[in-house]
Amino acid sequence: TDDDGVEHLSNVPDDHRYRLVWRDSAEARTPLGRPTKGLLALPPDSRPFHAEIYRASQDTGLDAALLHAGVTVESGYNQAAISPKGARGLMQLMPATARRYGSSNPHDPAENLRAGARYLRDLLALFDNNLELALAAYNAGENAVLRYGRKLPPYAETRRYVPMVVAHYHQLRRRSASN
């Protein structure tokens, strides 16, 4: 948690404030099963870029909570985020994917969210609405999921990413249902 109360999730502990919330193992454990504070404690409608996320959800038919979960894990709501592999913006789109889905400026929140939501919607259709496979494809690329027989690819990053997004999504849905 930084000085502004924003929680950052990373697989690169490059600051003394980082603490382990997820150990890479075959057993899926949620890092979100504990009480949260900062950004992760906020309901979706109080989080940054909620209006843009809600619009992208309405345009694509995806649950806004799913898009919030993706943004939380992908970029931590940092619209200027750039991954070591070159993915950009809130939904961490690779430049070719951003262009394919109509985003010429992947750091523009509305464009990035719209393109990322369309891409995720198409992945859900490709993988018969299997959320875990669609998220694996979002992270590793659809060809990786296809190459491994429509199963989660054996990539450590993808095997961490999918349960984190799913856990956060379920947590957001439970929180919304209880309100």
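We count residues from 1, following the sequence as given.
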> If two hydrophobic side chains count as joined below 4.5 Å and joins carry through other members, does Leu133 share a cluster with Tyr148?
Replying inline: no
> Do Asn139 and Tyr155 have side-chain N/O donor and acceptor atoms under 3.5 Å apart?
Replying inline: no
> If every non-hydrogen atom of Ile53 is compared with every non-hydrogen atom of Pro48, which pair is closest and at what distance?
Replying inline: CD1-O, 4.2 Å
>> If you compare all heavy atoms of Gln92 against all heavy atoms of Ser83, which two are closest, and at what distance to 0.1 Å?
In response: OE1-CB, 3.3 Å
>> Regarding Arg114 and Asp59, does a basic nitrogen lie under 4.0 Å from an acidic carboxylate oxygen?
In response: no
> Should Tyr169 and Leu172 be counted in the same cluster of Ile, Leu, Val, Met, Phe, Trp and Tyr side chains packed under 4.5 Å apart?
Replying inline: no
>> A side-chain contact here means heavy atoms from C-beta on lying under 4.5 Å apart; do His107 and Ile82 qualify?
In response: yes
> Under a 4.5 Å cut-off applied to non-hydrogen side-chain atoms, are Arg47 and Val71 in contact?
Replying inline: no
>> For the aromatic rings, using the six-membered ring if either is Trp, is the centroid distance between His68 and His168 under 6.0 Å?
In response: no
> When rounded to the nearest 0.5 angstrom, what is the spacing between OG1 in Thr60 and CZ in Arg118?
Replying inline: 8.5 Å
>> Quick check: closest heavy atoms across Met91 and Leu67, and the distance to 0.1 Å?
In response: CE-CD2, 4.2 Å
>> To check you understand the geometry: which heavy-atom pair defines the closest contact between Glu132 and Leu152, and what is its length?
In response: O-CD1, 3.9 Å
> Cluster question for you: counting only ILVMFWY and a side-chain heavy-atom cut-off of under 4.5 Å, with indirect links fine, are Tyr77 and Leu93 together?
Replying inline: yes
>> How long is the straight-line distance from CG of Leu113 back to OG of Ser103, given to the nearest 0.5 Å?
In response: 9.5 Å
> At what distance, to the nearest 0.5 angstrom, does CG of Leu135 lie from CG of Leu120?
Replying inline: 6.0 Å
>> Can a donor-acceptor pair be found, under 3.5 Å and without considering hydrogens, that links the side chain of Asp63 to the backbone of Ala65?
In response: yes
>> If I compare all heavy atoms of Gly89 with all of Ser75, which pair ends up nearest, and what's the gap?
In response: O-CB, 3.5 Å
> Would you say the side-chain atoms of Arg88 pair up with the backbone N or O of Pro95, donor to acceptor, closer than 3.5 Å?
Replying inline: no
> Do the rings of Tyr119 and Tyr138 sit parallel, tilted or perpendicular, given the 30° and 60° boundaries?
Replying inline: tilted
> Going through the distances and angles, do Val145 and Phe127 end up as a side-chain contact (heavy atoms from CB on, under 4.5 Å)?
Replying inline: CA-CA 9 Å; Val145 175; Phe127 294 106; 3.4 Å; yes
>> Return the NE2 to CG distance between His50 and Leu42, rounded to the nearest 0.5 Å.
In response: 12.0 Å
>> What verdict does the side-chain hydrogen bond (donor to acceptor under 3.5 Å, both in side chains) test give for Asp122 and Tyr101, after you've listed the backbone C-alpha separation in whole Å, the side-chain angles of each residue and the deciding distance to 0.1 Å?
In response: CA-CA 10 Å; Asp122 288 354; Tyr101 284 90; 2.8 Å; yes
>> Is a donor from one side chain sitting under 3.5 angstrom from an acceptor on the other, for Asn112 and Gln79?
In response: no
>> Tell me whether Met94 shares a hydrophobic cluster with Leu90, the cluster being built from Ile, Leu, Val, Met, Phe, Trp, Tyr side chains joined at under 4.5 Å.
In response: no
> Counting heavy atoms not belonging to Tyr54, are there more than 12 under 6.0 Å from its OH?
Replying inline: no
